[in-house]
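Notes to accompany the following structure.
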Amino acid sequence: MTVPEQLIARSNALGADPRNTNYAGGNTSAKGDVTDPVTGAPTEVLWVKGSGGDLGTLKESGLAVLRLDRLRSLVDVYPGVEREDEMVAAFDYCLHGRGGAAPSIDTAMHGLVEAPHVDHLHPDSGIALATAADGAALTKECFGDRVAWVDWRRPGFQLGLDIAAVKEANPQAIGVILGGHGITAWGATSEECERNSLDIIRTAEAFLASRGAAEPFGPVVPGFEALPEAERHARAAALAPVVRGLASTDQRQVGHYTDSDVVLEFLAREKLAALAALGTSCPDHFLRTKVRPLVVDLPATASLEDVVARLKELHAEYRDEYRAYYERHATPDSPAMRGADPAIVLVPGVGMFSFGKDKQTARVAGEFYVNAINVMRGAEAVSSYAPIPESEKFRIEYWALEEAKLQRMPKPKPLAGRIALVTGAGSGIGKAIALRLAAEGACVAIADLNAAAASEVAAETGGIAVTADVTDAAAVQAAVDATVLAFGGIDLVVNNAGLSISKPLLETTERDWDLQHDVMAKGSFLVARAAAKAMIDQGIGGDIVYISSKNAVFAGPNNVAYGAAKADQAHQVRLLAAELGGHGIRVNGVNPDGVVQGSGIFAGGWGAQRAAVYGVEEAKLGEFYAQRTILKREVLPEHVAAAVFALTGGDLTHTTGLHVPVDAGVAAAFLR
């Protein structure tokens, strides 16, 4: 393998095991010779993981490639630690050729250390030693002189110089523990470097296990134990919209719920409040989790009403404390204060809610706090947990380089941060709606009676699949609960589930009538009711969209049960728009007509029935519908999806109670 191929293989292997490093955390490098295309002479270069990306999925395109002679020449022009941020821009002048990733802040560490291969990782076991109050002494006890200690320093050029100096002074060492931060290891070959990294990580793990106290978080506090699973999940589903609404005070967030044993044990222990207040230490951790979490200080046995009331009090206190933290450390050059809401909310007996701008960010924030719990456990097991000072956390959180990275991020999609539930989304119109909402940035729950179809669409959208019978109130509530547990809440509901039976009045049975009304009229009511409750608890508004029909206002032949059910849906739009507007919830409808292609309803017999009514071939029914319209155009599922997006995408913020016709123009169905 080439040197870059060896580096990618090592990076992927290390990143595949969460014991070695957190998601998108750490970086790896290798040095080697290439031919300079200008001079034809061999040139030593550094391949190093660039800014962003994840070791487990790193590809060669994610590497930055720099000329080592130029990179090391920066030592001669280094202006000192007070101006070390300037060196990041200087890395661009050391690049070898075009393309590749942007060099990260850790590039100096890899380039200045005199070793062909270098790994910098964030293993829980290594950070536990790095954050122990007597970390330097524990490192000596654990490793002898094989691993050295480097005092905390913010990542940057000076840290690279520090590590290089420690390596030079300790030629027997295979790596270092970076105070408050993580580990760095090196080797003469890629295999040796990986072996040394794993040696440090596994040795630290064994040391903590053999040397550590049995209950590092203290004893269990009575009443704070985990609730039974079913009760725990029901409580979490009830709390999730409330917590998400609070966490979205400054900016709408997506949530993630975690009730792993690691989390539940931490929440049940005596040291919970004291350790949580200290916050996380590794820069990767607190950049995702914020300086500290919000911790509910009530037992699991407290009533839901009491927990909600306390959450609101604690949230107000958290915002005040965060503003005070910002004001304590901000300088005239600091970026403006970002959102003051918590990214991590801990509820004893229930679990952890984590938040971010999208589902992945929210999930990763939760994973990082689990890393932090493991770090605190390890440090407390052998010493006491002593993270980096608050002032240092602020320097990193509001680092000009970090702010510049945030400013470079692409503009979010229109529905970014929005959470949608679409019923009947396994096929046809519902599928098209789900695909469009996901493409516009929404997190989407795919609800359908057909579990296999729902799963297929969920795989396409990156959402979740929910098997739901909309005529069953318990099933509807379960679908809403699944949505809020998966994403933190719910913002956008599309009542699309439906079916059609075309019969003359005298042939329409009571069962036909009841089935049509149960699925569309009652089903829409049940979904709207359950979703509205969650939206009201969130307190950040929302959208409910009914996929009604041209038949809600058009009196077609042999269609009494379907048309009446659609008329019921249409009037629900008006009634709920009037009732829910005070909560910022907008209710609108879409009236399609003749959506034949891709329609589950038409494929299930409705097409044949309507074709018989109109005396046309079923295969030509779409064409027939198109020719009777003013625009002479066939209506497709994508056109209905476009109308849903138009109503919810942010431009029609002052519109509620509206029905949008998507029928290519049917004069008899004009609203009046």
Side-chain angles (χ1 to χ4, degrees), residues 22 122 124 127-128 130-133 152 154 180-181 216-218 224 243-244 246-251 253 255-256 258 262-263 266-298 310-330 337-348 350-356 361-362 364-380 384-399 402:
N22 47 257
H122 300 150
D124 295 346
I127 305 174
T131 56
W152 159 258
R154 187 176 67 164
H181 186 166
F217 292 147
F224 282 69
V243 178
R244 181 190 177 226
L246 296 173
S248 299
T249 299
D250 288 326
Q251 182 177 352
Q253 301 285 295
H256 181 76
T258 306
V262 170
V263 170
F266 180 56
L267 301 186
R269 297 284 174 167
E270 183 181 65
K271 294 183 180 179
L272 165 64
L275 290 173
L278 292 174
T280 55
S281 186
C282 175
D284 262 21
H285 292 180
F286 62 75
L287 281 173
R288 301 274 191 155
T289 66
K290 281 200 150 168
V291 64
R292 61 180 60 87
L294 184 157
V295 182
V296 173
D297 52 5
L298 295 178
R310 186 61 180 144
L311 268 168
K312 293 177 179 177
E313 294 172 352
L314 290 168
H315 176 253
E317 293 172 9
Y318 187 99
R319 288 177 60 83
D320 289 343
E321 290 170 1
Y322 187 86
R323 179 172 291 279
Y325 152 77
Y326 177 85
E327 292 173 349
R328 276 196 300 276
H329 303 294
M337 188 180 80
R338 304 188 195 104
D341 299 314
I344 303 292
V345 177
L346 304 176
V347 185
V350 177
M352 170 175 64
F353 298 95
S354 54
F355 297 93
T361 306
V364 169
E367 290 176 359
F368 279 22
Y369 201 77
V370 170
N371 291 136
I373 292 172
N374 292 334
V375 166
M376 289 185 277
R377 180 192 294 106
E380 287 288 315
S384 59
Y385 176 61
I388 63 175
E390 182 186 87
S391 58
E392 288 297 289
K393 295 179 185 181
F394 182 87
R395 288 182 68 217
I396 292 176
E397 184 178 359
Y398 284 92
W399 201 352
E402 187 66 29

Does some side-chain heavy atom of [Y] sit less than 4.5 Å from a side-chain heavy atom of [X]?
X: Val291; Y: Phe286; answer: no
X: Val375; Y: His285; answer: yes
X: Tyr398; Y: Met337; answer: yes
X: Met352; Y: Ile344; answer: yes
X: Pro387; Y: Lys393; answer: yes
X: Leu346; Y: Phe266; answer: yes
X: Leu272; Y: Pro348; answer: yes
X: Phe217; Y: Leu275; answer: yes

**OP:** Begin from the C-alpha positions of Glu402 and Ile396 and carry the test side-chain contact (heavy atoms from CB on, under 4.5 Å) through to its verdict.
**Re:** CA-CA 7 Å; Glu402 187 66 29; Ile396 292 176; 5.8 Å; no
Main-chain N/O of [Y] paired to [X] side chain as donor or acceptor, under 3.5 Å:
X: Ser248; Y: Gln253; answer: yes
X: Ser281; Y: Gly180; answer: yes
X: Ser384; Y: Glu380; answer: no
X: Tyr318; Y: Arg292; answer: yes
X: Thr289; Y: Ala365; answer: no
X: Arg269; Y: Gly218; answer: yes

Subject >> Salt-bridge contact Arg395-Glu390 (side-chain N to carboxylate O under 4.0 Å) >> reply: no
Subject >> Ring centres under 6.0 angstrom apart (Tyr326, Phe394) >> reply: yes
Original post:
Is the centre of the His181 ring less than 6.0 Å from the centre of the His122 ring?
Top reply: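 Distance test on ring centres: under 6.0 Å, yes.
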Where is the tightest heavy-atom contact between [X] and [Y], given as atom of each residue plus distance?
X: Ala372; Y: Thr280; answer: CB-CG2, 3.2 Å
X: Gly255; Y: Ala362; answer: C-CB, 3.9 Å
X: Thr361; Y: Arg288; answer: CG2-NH1, 4.3 Å
X: Gly339; Y: Tyr322; answer: O-CE2, 3.8 Å
X: Ala386; Y: Ala133; answer: CB-CA, 3.9 Å
X: Val345; Y: Phe355; answer: CG2-CE1, 4.2 Å

Subject >> side-chain hydrogen bond (donor to acceptor under 3.5 Å, both in side chains) between Tyr325 and Glu397, worked out >> reply: CA-CA 12 Å; Tyr325 152 77; Glu397 184 178 359; 2.7 Å; yes
Subject >> Given Lys290, Arg319, Arg323, the one that forms salt bridge (charged side-chain N to carboxylate O under 4.0 Å, His left out) with Asp341 >> reply: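 The passing option is Arg319.
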Original post:
Could you give the distance from CH2 (Trp152) to OG1 (Thr131), rounded to the nearest 0.5 Å?
Top reply: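 So the gap between those two atoms works out to 12.0 Å.
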Original post:
Roughly how far, to the nearest 0.5 Å, is the CG atom of Leu287 from the CH2 atom of Trp399?
Top reply: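 One gets 9.0 Å once the value is rounded to the nearest 0.5 Å.
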**OP:** Would you tell me whether Asp124 and Asn371 have side-chain atoms, one donor and one acceptor, within less than 3.5 Å of each other?
**Re:**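 Present: a donor and an acceptor within the cut-off.
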**OP:** Show your reasoning for whether side-chain contact (heavy atoms from CB on, under 4.5 Å) applies to Leu267 and Val347.
**Re:** CA-CA 7 Å; Leu267 301 186; Val347 185; 5.6 Å; no
